[in-house]
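When reading the values below, keep in mind they use all heavy atoms of this one structure, side chains included, and skip hydrogens, waters and symmetry mates. Model, not experiment: these values are computed from the prediction.
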Amino acid sequence: MKMSRPFKIALILQSRSSLPLYRDLDRMSDRELEEQVLELLRRMRRNESAVIARMIVRDPTFSLN
C-alpha cells in the first residue's frame, strides 16, 4: 500500500484505535505499521458506516452533494 509513514500514523490516530494508548507509533517498524493500517481498513470494510461515523474529522471538510 502506497501511503507515507506520517499518513499511516495519522490514520491510526484518527481511527479511535486503542493502539496509540499502548504503543509509541513512531517506534513501530514499517511492517508493524502496515499491518495495523491493513487491519484498520479490514474493519472499515466490514462495518464501514459505523466506523466512519465514529471517526473524528480534524480538518474542515465540505461536500458538493
Side-chain angles (χ1 to χ4, degrees):
M1 191 177 301
K2 291 282 188 182
M3 287 188 222
S4 68
R5 185 175 176 83
F7 184 79
K8 290 177 185 177
I9 291 173
L11 185 63
I12 292 171
L13 290 173
Q14 289 180 358
S15 71
R16 288 196 174 186
S17 166
S18 61
L19 182 68
L21 297 176
Y22 302 107
R23 300 283 307 270
D24 183 0
L25 299 179
D26 289 328
R27 293 182 181 207
M28 290 178 75
S29 70
D30 288 338
R31 189 176 137 273
E32 288 176 308
L33 202 54
E34 181 73 18
E35 289 172 359
Q36 292 299 323
V37 169
L38 290 174
E39 180 59 31
L40 173 65
L41 293 176
R42 268 188 233 111
R43 286 195 313 263
M44 287 175 73
R45 282 189 201 107
R46 277 196 308 257
N47 193 3
E48 188 173 336
S49 60
V51 171
I52 291 173
R54 289 191 307 268
M55 289 179 74
I56 298 170
V57 178
R58 304 236 183 260
D59 297 328
T61 60
F62 64 95
S63 174
L64 299 176
N65 291 343

| said: Just verifying a value: how many Å separate L33 CG and I9 CD1, rounded to the nearest 0.5 Å? | reply: 5.5 Å
| Atom pair CG/CD1 of L25 and I12 - distance to nearest 0.5 Å | 5.5 Å
| request: Could you grab the distance from atom CD of E32 to atom CG of D30, nearest 0.5 Å is fine? | output: 9.5 Å
| query | What distance do L38 atom CG and K8 atom NZ have between them, rounded to the nearest 0.5 Å? | reply | 8.0 Å
| field | Electrostatic pair E39-R42, nearest N-O below 4.0 angstrom | value | yes
| request: Search all heavy atoms of Q36 against all heavy atoms of M28 and return the closest pair with its distance. | output: CG-CE, 3.6 Å
